[in-house]
Number of protein chains: 2
Amino acid sequence: MNVPNYPCHVGNVQQAVERLGRTLEDGGIPRMPARVFAYLLAEDRDHCTAAELAAALQVSPAAISGAVRYLIHNGLIIKDRRPSARGDLYRLVDGDVWGAMITARLPQMDHYLESLDKAVALLEPGSPGRARFEETRDCFALAREATADLAERWARHHDAHTR
Amino acid sequence: MNVPNYPCHVGNVQQAVERLGRTLEDGGIPRMPARVFAYLLAEDRDHCTAAELAAALQVSPAAISGAVRYLIHNGLIIKDRRPSARGDLYRLVDGDVWGAMITARLPQMDHYLESLDKAVALLEPGSPGRARFEETRDCFALAREATADLAERWARHHDAHTR
DNA sequence: CGGCACGTTCACGATGTCATGAATCCGGCC
DNA sequence: GGCCGGATTCATGACATCGTGAACGTGCCG
């Protein structure tokens, strides 16, 4: 039913991976890490070798190397260096991946808030410009709170669904 | 007290603008539009010409042209083409800029959700991979809700402060 | 009506990012 | 101990992005 030699029949999995990959890209994650992460999410087996990832995503092993370094550094995946095996295994971090991702945003937003506070302090008190900057800072502060709320809500949702 | 010929004494305003500019950049807004927007926020006068922006931000008029096109297209600023004057005026959009910005994210997140639903549908029902994708979609759904809540909370905050 | 200032557009050049391919390194295996 | 598959690193090249400079178009002034 499908031409037997091109990425249309290789599996719905690929399509799903590319979909999530593009979404994560829009969220700021570089292309290749996003694809690797999406693939690990979609793959039924809970661990993959670098070679499997390279084959599945149609890229060179070098690209995988860079991508997994990014993902490990950001605490999204884990390298299981099992003894007595040629290939290292990569798998998703245990527990609540998305919760960790949300929580990781909080200190970042704190940094933004700190920077905006300094920016406000640089402006003439009482001036319209300063008022607008204060408004901006307040908005970011509220956004931070919203993110904290999301983290809590997601934690509850996650607990409820993982029993 | 400061060397009289370099961007350290030109004014605290510049520093504040660059600070907010970098923050907005991290939020996904391209560099130049971010700087222009930050400057319009910080500037006490409520409108600027393109030439003024170019001078203040130390860039060519061409760069300003591209930046304002981006900002106008995204509904953040307005071009006041006043009759009988050499220069067009740019100013912030009326009312609640940040509220508009937050609200603008909602349809975008709806798009993501829609895409993730399709991705889930592509995966084998009952498989671990599909379960993880469903979890992902649920997380995005909660994030969307959190954004909607933020929009509402900010609207209240904004109303309260602008009387 | 001629000049002029302002804004816009286009092609060029610089910059940074990213995936590739080749060389290197590390570890099991015969 | 010597191969060999797998993974990592580095330098090259492609690609996209972005700001500049020069040319064009436009609308006020003198």
Side-chain angles (χ1 to χ4, degrees), chain A residues 7 14 17-18 21-40 43 45 47-74 76-91, chain B residues 7 14 17-18 21-40 43 45 47-74 76-91:
Chain A
Q14 247 83 353
V17 166
E18 295 307 324
R22 276 190 293 269
T23 304
L24 295 177
E25 271 184 67
D26 289 353
I29 300 176
R31 183 181 266 90
M32 197 55 59
R35 294 181 70 211
V36 169
F37 184 71
Y39 182 81
L40 286 174
E43 173 58 54
R45 291 180 302 114
H47 48 67
C48 289
T49 68
E52 287 169 345
L53 292 173
L57 299 177
Q58 314 254 49
V59 293
S60 73
I64 299 297
S65 183
V68 296
R69 183 171 35 194
Y70 176 94
L71 291 171
I72 291 173
H73 182 262
N74 290 84
L76 294 177
I77 69 172
I78 289 177
K79 175 195 289 197
D80 275 338
R81 211 153 218 170
R82 53 175 183 180
S84 129
R86 33 268 244 148
D88 300 347
L89 294 183
Y90 297 101
R91 62 179 174 82
Chain B
Q14 246 82 353
V17 166
E18 295 307 326
R22 276 191 292 270
T23 303
L24 295 177
E25 271 184 69
D26 289 354
I29 300 175
R31 182 182 266 90
M32 197 54 58
R35 295 181 70 210
V36 169
F37 184 70
Y39 183 81
L40 285 174
E43 173 58 54
R45 291 180 302 114
H47 48 67
C48 290
T49 68
E52 288 169 345
L53 293 171
L57 299 176
Q58 314 254 47
V59 293
S60 72
I64 300 297
S65 182
V68 296
R69 181 170 37 192
Y70 175 94
L71 292 170
I72 291 173
H73 181 262
N74 290 85
L76 295 177
I77 69 171
I78 289 177
K79 175 194 292 197
D80 275 337
R81 209 155 220 170
R82 54 174 183 181
S84 129
R86 31 265 247 152
D88 301 348
L89 294 183
Y90 298 101
R91 63 179 174 84

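Letters A, B, ... are given to chains in the order of the sequence lines, protein chains preceding strands, and every chain is numbered from 1. Please read all numbers here as calculations on a predicted model, not as lab measurements.
Along DNA chain D, the nucleotide nearest to A/Gly87 and the one nearest to B/Arg31 differ in position, and the one closer to the 5' end is contacted by A/Gly87.
What separates CG of B/Leu89 from C1' of C/dA5 is a distance of 15 Å, to the nearest Å. Going from atom CE of A/Met32 over to atom P of D/dA16 covers 15 Å, rounded to whole Å. Computed from coordinates, the B/Gln58 CD to D/dG21 P distance equals 13 Å when rounded to whole Å. Taking atom CG of B/Leu53 as the reference point, atom C1' of C/dT8 lies 15 Å away to the nearest angstrom. Atom pair A/Asp88:CG and C/dC26:P shows a separation of 14 Å (rounding to whole Å applied). Taking atom CD1 of residue A/Ile64 and atom P of nucleotide C/dC18, one finds them 15 Å apart after rounding to whole Å. Between B/Glu25 atom CD and D/dT17 atom C1' there is a gap of 13 Å when expressed in whole angstrom units. As rounded to whole Å, 15 Å separates atom P of C/dC6 from atom CZ of B/Arg81.
Using a 4.0 Å heavy-atom distance criterion, A/Ala62 is classed as a base contact. Among the heavy atoms of the strands, none lies under 4.0 Å from B/Tyr70. As judged by a 4.0 angstrom heavy-atom cut-off over every strand, A/Ala50 is placed among residues touching the sugar-phosphate backbone only.
Nearest heavy atoms, B/Val68 versus B/Ser65: CG2-O, 3.1 Å. For A/Cys48 against A/Glu43, the heavy-atom pair with the smallest separation is SG-CG, 3.8 Å. Nearest heavy atom pair, residue A/His47 against residue A/Glu52, reads O-OE1, 4.2 Å. Between A/Leu40 and A/Tyr90, the closest heavy-atom pair is CD2-O, 3.9 Å. The nearest pair of heavy atoms linking B/Gly21 to B/Ala34 is O-CB, 3.7 Å. Nearest heavy-atom pair across A/Leu57 and A/Arg35 is O-NH2, 3.0 Å.
You'll find that the side chain of B/Ser60 is closest to D/dT20, out of D/dG19, D/dT20, D/dC18. Among D/dT8, C/dC18, D/dT9, the nucleotide with an atom closest to any side-chain atom of A/Arg69 is D/dT9. Nearest to the side chain of A/Tyr90, among C/dT8, D/dT20, D/dA7, sits D/dA7. Distance from the side chain of A/Ala51 is smallest for D/dA7 among the nucleotides D/dA7, C/dG7, D/dT8. In this structure, the nucleotide among D/dT9, C/dT9, D/dG19 sitting nearest to the side chain of B/Ser65 is C/dT9.
Between B/Ile72 and B/Ile78, every side-chain heavy-atom pair lies at or beyond the 4.5 Å cut-off.
No more than 12 heavy-atom neighbours from other residues, nucleotides or ligands sit within 6.0 angstrom of CZ on B/Arg31.
Computed from C1' positions of five pairs at each end, the angle between the two local axes of the helix from C/dC1-D/dG30 to C/dC30-D/dG1 equals 10°, rounded to 10 degrees.
An OP1 or OP2 oxygen of D/dG6 is reached within less than 4.0 angstrom by no side-chain nitrogen or oxygen of A/Lys79.
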